[in-house]
Amino acid sequence: MSSRRKGRIAHYKVPREVRIVDAFPMTVTGKAQKFEMRKIMEAGQSAVGAPPPG
């Protein structure tokens with residue numbers, strides 16, 4: 001995040017990292033499956049169903 005934005009919001013609200021994904025894993029009712037997103041983050045994948053970059 002740019003230093004200009006860091007000065008405008010509290011330090012604890014600044015994200016540690018930002019990941020761009022193609023799609024979120026969703027339930028049948030249309031809600032994001034947060035537990036699946038945590039698994040993806042722990043596995044180090046950059047996108048749903050995609051291998052880590054590199």
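All values below come from the heavy atoms of this structure, side chains included, with hydrogens, waters and symmetry mates left out.
- With sequence neighbours left out, M37 forms a side chain to side chain contact (heavy atoms under 4.5 Å, CB included) with F24, P25, A32, K34.
- By the side chain to side chain contact (heavy atoms under 4.5 Å, CB included) test, V28 pairs with no residue at all, sequence neighbours left out.
- Using a cutoff of 4.0 Å between basic side-chain nitrogens and carboxylate oxygens, E36 and K39 are scored as salt-bridged.
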